[in-house]
Amino acid sequence: MTSFLAASLLLVTGQSQAFTTEKPANKAQASAWTAVAPSVAVLPDIAGNPFGLAFLIDSKGYFVAHVSSLVYEPLTATMTDGSKVQLGRIGYDKETQLVLMGAHNWKGSARPAMRIAVKPSPGEVMVATAKGPVSGLLTDALCAGVIQPSQKFMPLSEVQMEQKDFPVGGALVIDKNGKLAGVLGAVLSPVASRASRLEVANQGTGQGGGGARGGANAQKQSFGPLGLTVGYALGPKVLNRVVKGFLTETHEVQHPSVGIFYRVDSTGYRVVIDRVTADGPAAKAGVQPGDVVLALNGKKITGPELLAVMLFEFDPGDTVVFRIDRNGKTIEKKVDVGVMAASPARDSV
Amino acid sequence: MTDHEQEAMIRMAFGEAEPGDTPSGNAKELRQYQALKAGLRSLADVPECQLSTRRLTDAILAEKVKPQKVAWWWPVGLVSGAAAVVAAYFFFTPAGTVKKPVDAPLASRAPSATHENPGLTPAPDEIASTTGDTSPSATARAESLLDRSKNLVALNDTPRPSLSVSRRRAVARPKQSVPDVTAEIAMSMAGNVGGAPAMSALPAGIGGPAADSMATSARSLPGSDAKVVVVEPGTDPLTGAKEAQEVNRRDVVFGG
């Protein structure tokens with residue numbers, strides 16, 4: 001019996017160490033990894049190798065993972081202590097591409113849920129991957145993101161991290177306090193413009209001002225012999241909204257929407273309505289394609305990003321006032337903020 | 001064989017012998033000229049379509065330009081020389097030599113005594129007398145004109161910044177016509193990331209402290225080339241994450 005327990009312990013220990021090929025770079029990262037490890041499940045690929053991560057959001061066994069962390073489902077995930085958990089999809093948020101998964105026969109009620117940071121400071125972070133902790137840097141560059149194909153706006157934080165030869169999609173950005181600062185939603189494509197890569201290269205090495213956002217898989221950066229991966233993370237504000245929605249009875253996330261698509265016109269800063277969603281709040285209020293948005297709630301709109309940020313921060317049910325220029329005539333339209341269409345649980349995965 | 005004899009042989013070889021031509025060379029030379037004639041006849045005209053610059057380029061490239069041999073010490077010497085010149089410049093240039101731009105307002109740019117030349121500057125009453133009006137008001141106007149001209153002299157004599165200073169100032173241009181939203185976005189997003197009640201604190205009405213603070217923090221820089229991160233449906237094969245690209249905001253349609 002004793003030998004059986006010892007063998008089991010050895011097996012569990014071996015499993016727990018099998019996927020953590022990466023070691024913490026310093027004490028701070030080690031403590032951050034230790035803090036989040038109990039709340040993290042390692043998701044396998046088809047061959048059973050570690051591929052992605054999911055994090056626990058409550059004591060009932062609800063996990064959240066980015067869709068790029070999933071290869072197949074339902075699946076058997078491995079907690080960092082080696083215990084197994086069966087996960088199946090329950091919900092999906094199309095805008096953030098986060099998936100809600102539920103554990104069958106959950107016995108880990110004592111496990112702590114992942115704590116989401118309130119206001120992470122730019123600086124060194126630990127990026128938790130399926131292979132273990134990776135050094136990263138949370139920059140102060142906050143980006144206006146647009147998710148394809150829905151074209152919906154999403155605020156993103158830029159994260160620079162060591163380039164690795166294993167998957168990092170859906171990796172968790174952990175601040176020095178062991179709290180979740182973001183979920184890696186995307187990485188800058190290697191085919192991005194060379195100019196952008198150079199901007200980030202300068203930014204990463206501190207050799208120049210760099211771009212406001214910059215970024216790229218620029219090689220030979222500040223993390224040693226390996227290159228630099230520039231990723232974009234969904235920030236705490238968005239994550240809080242998603243977790244809150246996932247934990248409702250319907251497991252649906254409510255992102256605000258007024259049903260407009262807009263772009264900058266030839267002036268470079270004026271925002272013109274491109275399309276209006278039929279039967280959407282804006283359409284019902286009388287907003288039309290071709291209208292130029294001058295102000296929102298009295299705040300002068302000086303670019304599409306500003307309008308996107310303002311609209312994203314409202315809650316469904318709020319009323320906003322658009323001041324628009326239509327054929328040289330200034331008019332105002334009151335629009336009730338609605339909800340983006342609910343995402344089917346298995347849409348576009 | 002003289003030139004005349006050679007020409008005569010060529011004429012014979014080409015079938016153009018004249019009555020006075022007599023073969024003076026040997027048969028071998030005659031056969032060579034005849035072979036040359038046959039070769040020339042076999043040459044066909046180059047078709048027009050083949051007279052292309054591409055063919056010419058290919059032909060030139062086929063010749064291969066031989067790499068120039070550069071002495072092994074040349075790059076080292078070039079770099080060392082450049083470094084020495086730069087070092088010498090900084091070593092021999094006093095710290096105060098670089099003139100700083102004068103940012104003082106015009107009112108403070110009163111001409112110093114060194115800029116005034118009494119011999120060239122007429123007195124106000126002299127100016128007034130040239131107009132034929134010697135009244136006190138005319139003298140006062142002349143004084144005013146002189147003051148303005150002195151200011152102009154001071155402005156023209158303002159030390160011009162050196163090239164390096166000019167470049168730095170060019171980067172830090174204070175004003176542009178098109179306002180930028182980058183600072184506003186960053187600020188509002190900072191509140192967003194931190195979960196602070198930035199824009200969410202905005203009432204459905206007008207204004208709000210967050211909007212005010214955003215407005216006061218707005219910088220005046222051109223923002224028309226700002227980048228937007230577009231997250232595409234595809235997956236990066238290297239990282240397994242969704243692919244993103246930075247796109248000029250002019251090329252992006254936002255949804256919300």
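Every chain is numbered from 1 and lettered A, B, ... according to where its sequence line falls, protein lines coming before strand lines. Only a predicted model underlies this, so the values are computations on that prediction, with no experimental measurement involved.
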Select, from B:A241, B:G255, B:P233, B:G234, the one with the greatest count of heavy-atom pairs under 4.5 Å involving chain A. B:G255
Rounded to the nearest 0.5 angstrom, the CZ-CD distance for B:F254 and A:E305 is 4.5 Å
Gap between atom CD of A:Q148 and atom CD of B:E243 - 0.5 Å precision: 12.0 Å
Taking all non-hydrogen atoms of both residues, which atom of A:T302 and which atom of B:R249 are closest, and how far apart? O-NH2, 4.3 Å
Apply side-chain contact (heavy atoms from CB on, under 4.5 Å) to residues A:Y232 and B:V231 and explain how you reach the verdict. CA-CA 9 Å; A:Y232 300 101; B:V231 179; 5.7 Å; no
Among A:A308, A:G170, A:G185, which residue forms the greatest number of heavy-atom pairs with chain B at distances under 4.5 Å? A:G185
Where A:L156 and B:V229 come nearest, the two heavy atoms and their spacing: CD1-CG1, 4.0 Å
Any idea which heavy atoms bring A:R263 and B:V252 closest together, and the distance? CB-O, 3.6 Å
Among the listed options A:S266, A:A186, A:S68, the residue most often paired with chain B at heavy-atom distances under 4.5 Å: A:A186
Looking only at non-hydrogen atoms, find the nearest pair between A:V67 and B:K242 and report the distance. CG1-CE, 3.8 Å
Quick one: what part of A:L184 sits under 4.5 Å from any heavy atom of chain B, side chain, backbone, both or neither? neither
Tell me, side chain or backbone of A:H66 under 4.5 Å from chain B's heavy atoms, or both, or neither? side chain
B:D236 and side-chain contact (heavy atoms from CB on, under 4.5 Å): which partner among A:T229, A:L188, A:V187? A:V187
In terms of heavy-atom pairs under 4.5 Å with chain B, which of A:G52, A:G169, A:S69 leads? A:G169
